[in-house]
Amino acid sequence: MHAGFQNVVEEVKDLEARRRREEFETRTFKLLKAYERFTYILPELLEADQLIERAEDLEAWLRTQLNRIETGKPERLPLMVALAFSVRAKADAFEAKGGDYTSFATKDIGLLINQLRDEARAFCEGRSLYTLGVEMPEILYQYAFLNRSLCKGYELQKKVRQVDSEFIFSEEELKWDDGMEELRELFRPNIEHTEFLGGNQDIKLNTLADYDWYIRFANQDRLTFNVHSHPSIKLSDILRNIGHPEPQTGGIRKTTLNTIMVFALPETINNISQLIKKEFELESFPKLRGLKNLDIQK
């Protein structure tokens, strides 16, 4: 009986999810069509009013859905993208109406930029390099590009528009370097025959450079550290620090050992945290998983 009840619950959840998905598609499509008409016959004020109505309807629905999902969850991304579209469309309609409406347009975009940055920070908070750079790199990329797009539109909106002004991104603005491309490369399938290191394998520390790396990795005191106390380290400990989901059974190609050792260092994780802070103009660093000494994030 319990199993049967669970099946009913799952079916209800599936139906509810499908209903919300269909409603999302319908509302977004209606706004898209209104936006197309608006841009075609600009500056017809009747179309501007209809666009504002459609945009606010979608925005209200999206905010209700977002309230159901914890901030920072990956599944919020499509809702945030649609929210940006609705607010942007409404801002364009406000601007077309002119007068006091232009201040509403600027204010709404500014508030959305702040919300988006809070979202990006929440998404990164407590996540590992493996999650951000290998499992879900497209999430941070989408937030970065959405942030750049909104900021560029915001700056244009605050300036006096010239007749020939264009909203065009340079090639550099379309690139998002999260500093983790080499990390992704480590875990891409490779058909070449090469020696493989498993998670339970011991990585020997032989040289001064090896011990210098270990001191930084384990946040040890250089003055009191005894080189004889740690002749080796398990690869699983290194994999664990970058957030590999299966450090014991996971592994890497032997030729990539030095690269993964660098990514496992707290200073590298901190550098990527700084990069994220700079991209989204955050007041403080997102605290990424793998930092043994969070005091370095200042």
Side-chain angles (χ1 to χ4, degrees), residues 14-120 122-123 138-159 161 165-169 173-174 280:
D14 289 343
L15 287 172
E16 176 64 13
R18 186 171 66 181
R19 185 191 66 77
R20 289 181 186 171
R21 189 162 55 247
E22 290 172 349
E23 190 168 358
F24 172 76
E25 292 171 355
T26 299
R27 289 173 184 264
T28 304
F29 178 78
K30 286 181 178 179
L31 175 57
L32 178 61
K33 289 302 177 183
Y35 197 42
E36 286 177 351
R37 290 194 301 272
F38 168 77
T39 54
Y40 180 72
I41 59 177
L42 189 74
E44 173 59 55
L45 296 185
L46 177 61
E47 289 297 333
D49 289 335
Q50 291 178 351
L51 180 59
I52 292 169
E53 183 180 350
R54 288 289 188 197
E56 289 183 335
D57 177 67
L58 177 60
E59 181 184 353
W61 185 84
L62 289 168
R63 292 193 183 281
T64 299
Q65 304 311 308
L66 285 166
N67 287 338
R68 301 171 184 266
I69 309 170
E70 184 182 348
T71 304
K73 292 287 187 182
E75 53 266 37
R76 286 170 63 95
L77 174 62
L79 298 176
M80 289 299 298
V81 172
L83 180 63
F85 173 47
S86 65
V87 173
R88 177 72 261 176
K90 181 173 65 171
D92 287 344
F94 279 150
E95 195 172 65
K97 289 172 72 69
D100 293 337
Y101 284 99
T102 55
S103 62
F104 288 121
T106 305
K107 179 183 176 182
D108 284 354
I109 294 295
L111 290 172
L112 180 60
I113 289 171
N114 291 333
Q115 182 180 356
L116 178 70
R117 290 172 174 177
D118 290 341
E119 190 71 38
F123 170 70
E138 66 285 347
I139 302 288
L140 201 53
Y141 170 81
Q142 290 284 350
Y143 280 134
F145 187 69
L146 195 56
N147 178 61
R148 292 179 186 183
S149 176
L150 289 170
C151 287
K152 189 157 188 171
Y154 183 67
E155 290 305 315
L156 282 173
Q157 215 157 16
K158 291 195 298 184
K159 298 176 182 177
R161 289 181 180 265
S165 63
E166 291 184 287
F167 191 90
I168 298 175
F169 283 98
E173 288 174 317
L174 292 173
F280 293 98

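Heavy atoms only: backbone and side chains are in, while hydrogens, waters and symmetry mates are out.
Side-chain N or O atoms of Thr102 include none that pairs as donor or acceptor with a backbone N or O of Gly98 at under 3.5 Å. The main-chain N or O of Leu66 is found under 3.5 Å from a side-chain atom of Arg76 such that the two form a donor-acceptor pair. At distances below 3.5 Å, not a single donor-acceptor pair connects side-chain atoms of Thr106 with backbone N or O atoms of Ser103.
When all heavy atoms of Pro74 and Pro78 are compared, the pair lying nearest together is O-CD, 4.2 Å. When every heavy atom of Phe38 is checked against every heavy atom of Asp92, the shortest pair comes out as CZ-O, 3.6 Å. Smallest separation of non-hydrogen atoms from Ile52 and Ala93: CG1-CB, 3.4 Å. Taking each heavy atom of Glu95 and Ala105 in turn, the nearest pair found is N-CB, 4.5 Å.
The closest side-chain heavy-atom distance from Met80 to Tyr143 is below 4.5 Å. Side-chain contact between Leu150 and Val87: absent, with no pair of heavy atoms (C-beta onward) separated by less than 4.5 Å. Under the 4.5 Å side-chain criterion, counting only non-hydrogen atoms from C-beta, Leu31 is in contact with Leu51. Between Thr71 and Asp118, the closest side-chain pair of non-hydrogen atoms is not below 4.5 Å.
Remark: Arg19 engages Glu16, Glu23 in a salt bridge (Lys or Arg N to Asp or Glu O under 4.0 Å) (not counting sequence neighbours). The side chain to side chain donor-acceptor pair (under 3.5 Å) test applied to Lys107 returns no partner, not counting sequence neighbours. The salt bridge (Lys or Arg N to Asp or Glu O under 4.0 Å) search around Asp57 returns Arg27, not counting sequence neighbours. Shown here are the side chain to side chain donor-acceptor pair (under 3.5 Å) partners of Lys97, two or more places apart in sequence or in another chain: Asp49. In this structure Arg63 satisfies the salt bridge (Lys or Arg N to Asp or Glu O under 4.0 Å) test together with Glu59, sequence neighbours excluded.
For Glu70, the CD atom counts as loosely surrounded, since its 6.0 Å shell holds 12 or fewer non-hydrogen atoms of other residues, nucleotides or ligands. Few gaps surround CD on Glu36; more than 12 heavy atoms of other groups in view lie less than 6.0 Å from it. For Tyr101, the OH atom counts as loosely surrounded, since its 6.0 Å shell holds 12 or fewer non-hydrogen atoms of other residues, nucleotides or ligands. The number of heavy atoms from other shown groups lying within 6.0 Å of OH (Tyr141) is above 12. Counting heavy-atom neighbours within 6.0 Å of Asp100 CG, excluding the residue itself, gives a total of 12 or less.
Note that the CG atom of Leu116 and the CD atom of Gln142 stand 11.0 Å from one another [nearest 0.5 Å]. Separation of atoms CG (Leu146) and CG (Leu83) is listed at 9.0 Å; rounding is to 0.5 Å. Taking NZ of Lys30 as the reference point, atom CD of Glu53 lies at 10.5 Å (rounded to 0.5 Å). For the atom pair CD (Glu47) and CZ (Arg54), the distance works out to 11.0 Å, reported to the nearest 0.5 Å. To the nearest 0.5 Å, atom CZ of residue Arg117 and atom CG of residue Leu112 are 10.5 Å apart. Going from atom OG1 of Thr64 over to atom CZ of Arg20 covers 10.0 Å, rounded to the nearest 0.5 Å.
Within the structure, no pair that satisfies the ring-ring contact (aromatic ring centres under 6.0 Å, His included) test touches residues 60-79, not counting sequence neighbours.
Ring geometry for Phe85 against Tyr35 counts as perpendicular: the plane angle is over 60°, on a 0 to 90° scale with 30° as the lower cut.
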Test Phe94 against Ile109 for side chain to side chain contact (heavy atoms under 4.5 Å, CB included), laying out the working first. CA-CA 11 Å; Phe94 279 150; Ile109 294 295; over 6 Å; no
